[in-house]
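The structure under discussion appears below in the form of structure tokens.
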Amino acid sequence: MPVPIADFTERKFGIAGTISAITRLSPGLLRLEVTCPQPKRKPWQPGHEIEFRVGERAFRHYSVMDYTPAPAPAPAPDADGGAGGGVMTVLVHLHGDAPGTRWLLGRAVGDEVAVLGPGHALDRGPGGRRLLLGDTSTISTFAAMLTADGVGPAGDHDAPAATSAAVAGNVRYLGAVEVAEADAAAAAELLPGIDVVVAQEAPGEALAGWLGKAVAETGGDLADRAHLIGHAGTIQSLRTTLRATTTLDRRAIVTKPYWATGKVGL
């Protein structure tokens, strides 16, 4: 993106915020808290897509994990901030030498940032039994879904024997995220009731193993709705498996790629 267009985009659509906390949860997971006001157009909600400018020409997408109303500084005169400030929590996957990772590791508490958004939230749709399959890049989105439904740890709750589950009201979540071993403990704390599997050599290999066992134990009646998010190739493979081995209708399988092998961002 040309620098003048990036400047205009940030100025026109950014909401002024201040970094209030940075917490390194594990080698690959960083929790960023930004004090910023509510947008005039649409209030922040868990799961909303946002963007940060991470370089002169680059923006990167992230998901709002939570937003807690609280007093916030007044926005700049040209910002799109409305009344009712608060603290936005974003969970970030630190990955190699990617532009977003370099930018985040260079931030400090007190830094001013522009938050672009809110964009679309994930379409959860109908379904009382929801299957979540993803990786480290999807933890913030999945945590937002659980938060929005008030989900907490819930034992097995009729989930397959090899899995755990989380229940809130009439909604049951089960599933797995594939993460590096060093990030597994932090991921488990962030996603109550969702299994954490350690990533193998190939992306999606551990998730495929988890899904195969879950399908075998349920006879294919695993969920009424599935959310496949994260690595593009893994999503395609898992979707094919779900179509072939479960009772899920193709319209009940929601997919959203966040990254692809060999590509810098999507």
Side-chain angles (χ1 to χ4, degrees), residues 1-122 136-141 143-144 147-148 183 186 190 258-259 264-266:
M1 179 184 295
V3 173
I5 295 178
D7 290 342
F8 172 80
T9 300
E10 184 177 36
R11 184 173 63 250
K12 178 68 175 177
F13 300 107
I15 297 174
T18 303
I19 295 176
S20 52
I22 300 173
T23 307
R24 190 76 173 263
L25 301 178
S26 67
L29 291 172
L30 182 147
R31 184 173 60 216
L32 182 71
E33 296 177 32
V34 179
T35 300
C36 62
Q38 291 278 21
K40 295 176 183 176
R41 305 184 307 278
K42 182 169 57 175
W44 302 117
Q45 293 179 3
H48 271 152
E49 286 187 1
I50 61 168
E51 291 182 70
F52 291 121
R53 187 178 183 180
V54 301
E56 278 196 329
R57 302 171 181 269
F59 293 83
R60 286 293 179 267
H61 293 258
Y62 300 96
S63 294
V64 176
M65 188 165 71
D66 199 9
Y67 184 81
T68 304
D78 61 347
D80 183 33
V87 177
M88 173 189 294
T89 302
V90 180
L91 186 75
V92 179
H93 177 207
L94 302 175
H95 184 67
D97 191 37
T101 296
R102 291 197 302 269
W103 179 80
L104 285 157
L105 292 179
R107 299 310 99 200
V109 172
D111 284 356
E112 295 182 354
V113 294
V115 185
L116 282 71
H120 295 294
L122 186 68
T136 316
S137 70
T138 69
I139 293 175
S140 188
T141 300
T147 297
D183 300 321
L190 292 163
Y258 280 179
W259 64 284
V264 181
L266 287 179

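- Taken to the nearest 0.5 Å, the OG1 atom of T101 stands 9.5 Å off from the CZ atom of R60.
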Practice prompt. Could you please spell out the steps behind the side chain to side chain contact (heavy atoms under 4.5 Å, CB included) verdict for V90 and I50?
Written response: CA-CA 9 Å; V90 180; I50 61 168; 3.7 Å; yes
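- Ring geometry, H95 versus H93: the interplanar angle falls from 30° to 60°, so the pair is classed tilted.
- The aromatic ring centres of F59 and F52 sit 6.0 Å or more apart.
- Considering only heavy atoms from C-beta on, P27 stays 4.5 Å or farther from L94 through its side chain.
- Using a cut-off of 4.0 Å between Lys/Arg side-chain N and Asp/Glu carboxylate O, D7 and R53 are scored as salt-bridged.
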Item to complete: Test D66 against T89 for side-chain hydrogen bond (donor to acceptor under 3.5 Å, both in side chains), laying out the working first.
Response: CA-CA 5 Å; D66 199 9; T89 302; 5.5 Å; no
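- Remark: the backbone N or O of G47 is not paired with any side-chain donor or acceptor of S63 at under 3.5 angstrom.
- When atom types are taken as modelled, the side chain of D183 and the backbone of G28 share a donor-acceptor pair closer than 3.5 angstrom.
- Atom-to-atom distance recorded for R102:CZ and R107:CZ is 11.5 Å, nearest 0.5 angstrom.
- Once rounded to the nearest 0.5 Å, the distance linking OG1 of T141 with CG of L91 reads 9.5 Å.
- Interatomic distance, CD1 of I15 versus CH2 of W44, reported as 4.0 Å (0.5 Å rounding).
- Within the model, atoms CD of E51 and OH of Y62 stand 10.0 Å from one another, a figure rounded to the nearest 0.5 Å.
- One distance of note links SG of C36 with CD of E112; it measures 13.0 Å at 0.5 Å rounding.
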